[in-house]
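In the text below, chain A, chain B and the rest are named by the order of the sequence lines, each starting its count at 1.
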Number of protein chains: 2
Amino acid sequence: MPRPAKKPRKSYHHGDLRNALLTAAREVLEERGPSFLGLREISRRVGVSAPSAYHHFPSRDAIALGLAEQGAAELATCLAAAPANPSGSLLTYGEAYIAFVRANPALYRLMFGEGFPAVSQHSAAIRALRERSYDIMKAGLEQRLPASELPIAGLFLWALVHGLGLLLVDRQIVRDGDLEDIIRRVLTLAGTGLLHGRGRDDGQSGPPPPPPGTRSA
Amino acid sequence: MPRPAKKPRKSYHHGDLRNALLTAAREVLEERGPSFLGLREISRRVGVSAPSAYHHFPSRDAIALGLAEQGAAELATCLAAAPANPSGSLLTYGEAYIAFVRANPALYRLMFGEGFPAVSQHSAAIRALRERSYDIMKAGLEQRLPASELPIAGLFLWALVHGLGLLLVDRQIVRDGDLEDIIRRVLTLAGTGLLHGRGRDDGQSGPPPPPPGTRSA
DNA sequence: GTCAAATCTTTACAGTGTTAGGATTATGCG
DNA sequence: CGCATAATCCTAACACTGTAAAGATTTGAC
């Protein structure tokens, strides 16, 4: 049973230091921002000396990498749990994505920021999780777009929610109206683009969308 | 006349240290990335002792802020110089924006990253320059959209190029095709959305999905 | 020429990530 | 059980960082 952490432990060994470090790191992250994520600050919160962390992580960056992997996994979970409304799947996925970013602003910045080299180099685990998120969103488009348009449409959607999420996190959007409504309208605008923009290079005129779930290339 | 910088100067006084520091800082930035932008490293390149910088900048963050202001000004200039092709203004503005990001990747990350508190707080100068860039892009939309749609359309466009630029800088887009073409197709897709999305038809407003609070599942 | 202001210097301090080596506890084998 | 050994945590120390304080050198005004 993992020790409750943060309380003064009685045993010399902690018992679950690795997870305790990650938990404390996440607290520091959301409380004070990615640039204050210091190894000594983290260890201090856990009540342990700084070098102890090196028995569980090879470097400070590795702790940040651990957080980034957590974040990537949670993002994929959020997207997978989004209600797959067939008529407005783009809207629901987009809103789920934005909701995650707004619920974990500092974590999202860490995931896509430059502050931690280990994170920027995209570990294999992160790459896999990111691909999973991307595939989930793309699957939502698959029912309504010809396969030839999927790569561009997926990239379009990803870039939009990525940029919109970061603008929100950075408080760049100062409009005083209802933020939820603004987000919904931007995503709706994107949806009409996807719906009306299909006539590019698919010569067929009334193409039934290919329903069978062949994973995209 | 500014001293050539980087060569061992003979006079005790440098003469144009402030600009020399900014120039060296920009070199460090693009060579090694924002997280390696150290005050001592910068001073070393100029051939001057570290505390000298404090006569020209109140802190290390202030140097980064100076770079961010430079970047904001250059971005606005790039957008203003974009050929105002009336039929595809969105494409040209979007491409100009992306071109700037790709030409100054580290600078763009510094401008919108979290590594430097002074930068994240958006100085008045940066706010003004950013607004100018935004207005330039919005002006490109003005000729083709009703005024009521402008705020959302502008935000949509900004979020898209912001996200797309950051994805490019982060090397998240690994598709092996022609990158220029991919960018063009994404922007074109966005353009069709703007053109066809003016009559807002959001009849379906489903139940808002529960925001995933996701604190330590 | 002289004095003051501006500029650059060395020195020093508190903080960081990290390494080395010693203390303490848990574990597996006889 | 008893004991060797491995795992874990500790303190001490190093090189580095941003920044403050105070001394040296140059510029410019009177």
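- Atom NE2 of A:His55 is separated from atom C1' of C:dG21 by 11 Å (rounded to the nearest Å).
- In this structure, A:Arg109 fails the cation-pi test against B:Phe112, since its NZ or CZ atom is not both closer than 6.0 Å to the six-membered ring centre and inside 45 degrees of the ring normal.
- Going from atom CD of B:Glu41 over to atom C1' of D:dT17 covers 12 Å, rounded to whole Å.
- Look at B:Ser52 and you'll find a side-chain N or O under 4.0 angstrom from OP1 or OP2 of C:dT9.
- One finds a salt bridge joining B:Arg45 and B:Glu41 here, because a Lys/Arg side-chain nitrogen approaches an Asp/Glu carboxylate oxygen to under 4.0 Å.
- Distance, A:Tyr54 OH to C:dT19 C1': 9 Å, rounded to whole Å.
- OP1 or OP2 of D:dC9 sits under 4.0 Å from a side-chain N or O of A:His56.
- Positionally, the nearest nucleotide of DNA chain D for A:Ser49 lies more toward the 5' end than for the other of A:Arg40 and A:Ser49.
- Each of C:dC8, D:dC10, C:dT18 was ranked by its minimum atom distance to the side chain of A:Leu39; first place goes to C:dT18.
- Of the candidates C:dT11, C:dT7, C:dT18, C:dT11 carries the atom nearest the B:Pro51 side chain, counting heavy atoms from C-beta on.
- One interatomic measurement links the two molecules: CZ of A:Phe57 to P of D:dC9, which rounds to 12 Å at whole-angstrom precision.
- Spacing between atom CD1 of A:Ile42 and atom C1' of C:dT16 amounts to 13 Å, rounded to whole angstrom units.
- Inter-residue side-chain proximity for A:Val101 and A:Leu166 is flagged as unmet; no heavy-atom pair is nearer than 4.5 Å.
- Counting to the nearest Å, the P atom of C:dG17 and the CZ atom of B:Phe36 are 15 Å from each other.
- In this structure, the CG atom of B:Leu37 is 19 Å from the P atom of D:dC16, given to the nearest Å.
- Taking atom CG of B:Asp16 as the reference point, atom P of C:dA6 lies 18 Å away to the nearest angstrom.
- The shortest distance between side-chain heavy atoms of B:Leu29 and B:Pro34 falls below 4.5 Å.
- Both A:Arg44 and B:Leu17 lie close to DNA chain C; mapped to their nearest nucleotides by heavy-atom distance, the more 5′-ward contact belongs to B:Leu17.
- Checked for salt-bridge contact, A:Glu27 and A:Arg32 miss the test: no charged N lies under 4.0 Å from a carboxylate O.
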